[in-house]
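What follows is a set of notes on a single structure, which appears directly below.
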Amino acid sequence: MIEVDRLQKTYGFAQALKGISFSVRKGEVVGFLGPNGAGKSTTMKILTGYLLPSGGRASVDGLDVVDESLAVRRRIGYLPESTPLYGEMRVDDYLLFCAEIRGVPRDRRRSAIARAVELCGLPRVVGKNIVELSKGYRQRVGLAQAIVHEPPVLILDEPTSGLDPNQIVEVRKLIERLGEEHTVVLSTHYLQEVEKSCSRVIVVHQGEIVADGTREQLIARQPAGGLVARVRGPEAAVLAQCGELLPGCPVTVLERGSDANVYRVEVGGAKAPVEEAFARLVVRNGWDLIELQRERPSLEDVFRALTLGNEAEVARA
Amino acid sequence: MRESLVIFRRELKSYFYSPIAYVFGVLFLGVLLYHSVELLTNGVQANMQGFFLMLPYVLLFFLPVLTMRLWAEERKLGTIELLMTFPVRVSQLVAGKFLAALVFLAFLLLLTLGLPLTMHAFGGIDWPPVLGMYLASLLFAGSFVAVGMFFSSLTRDQIVASLSSIVTLFVLHRIGEPATIELANAWMPAMLVDLLSGISPHRYFLSIARGVLDTRDLLYFACFCGFFLYCNALVLQHRRQKG
């Protein structure tokens, strides 16, 4: 549905995009993840025809975004960052304007607006001026504006930024629902958003794609975390035994309880499966193993590793 | 065409949604009518001459205030990003906005018809030249709108937009004034004077205002507006490139 090939954008002397390539299949919900200034918005602005690329190509539905800009724009619903709206207009007037300008035929306008209003949960505010609405409702108007012409592709630039937690949940649910019918590309710097609503994640950093894949694929790239165990037994003995029998796996006490302690075993340097060795060790000493689990790396760890630059592994997935 | 009309309708409505239009309308009409009536009561012959001679100066200072927001505000609010990503050409956006401003001004000018109607009631008035003057005024106002809109597209600061258009319009106006032309003729080659004053909308306004409707004058206004609207579209298009 979307093909991006070595796309570049230069603002003055600053290179915002250093030749990024990716493709999005029909029906996918792709999350663009990256720190501020990574190039997320720039990519979206090029796809929607607001900006022209300095190099490379991009196409939507097989149509080039530069040569066939108008046709591309007809196929896209776009919610720009910070949701610009004409505040003095009424919600229904505004949606009518958007439907008209997007070329929705006269006889279908009413039903198209009704559908967008219904989907975005706006029935209670259609007669109000946009300027009177809360931020959450304004965001929904922005989304309604983007879907009123039923575009195959939705491009949403930070759809939940600046909303309160309840509004974020609502907007996220709405995006999930929209993802059933549309191909969606959304940008965000909230990790939970990607975890909840996206089938695929593209991590952008300093104008380059540093990772591209499903959430599981990205997490799998992150080295496994430590082992967390709750053990009932003398602390000094546990630490001593572990140091002796599990070389290369430093053990620390995470939490001291009245009954049992929680230990964390670093597995980084171990060759044999550490879980089994640790369990045997506990049993042999006659202590009680109450809980044993492996730390799962989160998308947050992956994100930090990729964008803080303190990891050598910046290869493309 | 359809797209331009959609933009045009939204723009025109936006004049009436916002208080700016009403404040502007009242001030514009107030100043204009006050001065015209003052001229009349000072014993000048009862015709519309005073009104139409007053008009360029009122437009000069008021119109930039109306046009300054046309693009600058869209940029400030970010709505320009919506406009530029609608399936609409830049030229259609420019045309829609320009037409809306022109129709709004035509509406204001229509409101001043009370003045000639009063004169008509009190002693008759020669209508053909008055109607010609109204046409000239609208064209003249249109040329000012084109200039103001162009400056609004250059900046996101509305004050900068209005000040630069006032200065430009003032200069354009001055070089077409008969007194200036006379003064310049004393030391400048006649051709240069002709060329400079030929740019000024003022000269063509006075020409139509004399009561003769010359196609050359109409053509001039079309070219003048066309030039600034074209530059306006270029600025917007260029910004796509620059980012």
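Residue numbers begin at 1 in each chain, while the letters A, B, ... track the order of the sequences. All heavy atoms count here, side chains included; hydrogens, waters and symmetry mates do not.
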Between B:Arg239 and chain A, with a heavy-atom cut-off of 4.5 Å, which part of the residue counts as in contact: side chain, backbone, both or neither? backbone
Minimum-distance pair of heavy atoms, taken over all atoms of A:Gln145 and A:Val148: O-CG1, 3.5 Å
Using atom types as modelled and distance alone, determine if a side-chain donor or acceptor of B:Thr85 lies under 3.5 Å from a backbone N or O of B:Leu82. yes
Candidate pair B:Leu93 and B:Met84, rule side-chain contact (heavy atoms from CB on, under 4.5 Å), full reasoning: CA-CA 9 Å; B:Leu93 292 177; B:Met84 300 283 281; 3.9 Å; yes
Counting a contact as any heavy-atom pair under 4.5 Å apart, which residues of residues 64-81 of chain B contact chain A? B:Glu74, B:Leu77, B:Gly78, B:Thr79, B:Ile80, B:Glu81
Where do A:Thr188 and A:Glu158 land on the side-chain contact (heavy atoms from CB on, under 4.5 Å) test, with the steps shown first? CA-CA 5 Å; A:Thr188 180; A:Glu158 303 201 353; 5.6 Å; no
Is there a donor-acceptor pair under 3.5 Å between the side chain of B:Arg240 and the backbone N or O of A:Gly49? yes
Could you tell me whether B:Phe16 and B:Phe104 have their ring centroids closer than 6.0 angstrom? yes
Residues 143-169 of chain B vs chain A, non-hydrogen distance cutoff under 4.5 Å, contacting residues -> none
Between B:Phe62 and B:Phe24, what is the ring plane arrangement, given parallel below 30°, perpendicular above 60°, and tilted in between? perpendicular
Without swapping roles, check the side chain of A:Glu28 against the backbone of A:Arg25 for a donor-acceptor pair under 3.5 Å. yes
If I measure from the heavy atoms of chain B, does A:Asn129 come under 4.5 Å with its side chain, its backbone, both, or neither? neither
Would you please indicate if the ring centroids of B:Tyr15 and B:Tyr22 are separated by under 6.0 Å? no
Please look at A:Ile46 and chain B and tell me whether the side chain, the backbone, both or neither of the residue comes under 4.5 angstrom of a heavy atom of that chain. neither
For the backbone of A:Asp164 and the side chain of A:Gln167, can you confirm whether one donor and one acceptor N or O come within less than 3.5 Å of each other? yes
Quick one: is the NZ or CZ of B:Arg10 closer than 6.0 Å to the six-membered ring centre of A:Tyr86, and within 45° of its axis? yes
Quick one: of A:Ile101, A:Leu79, A:Leu85, who has the most non-hydrogen atom pairs under 4.5 Å with chain B? A:Ile101
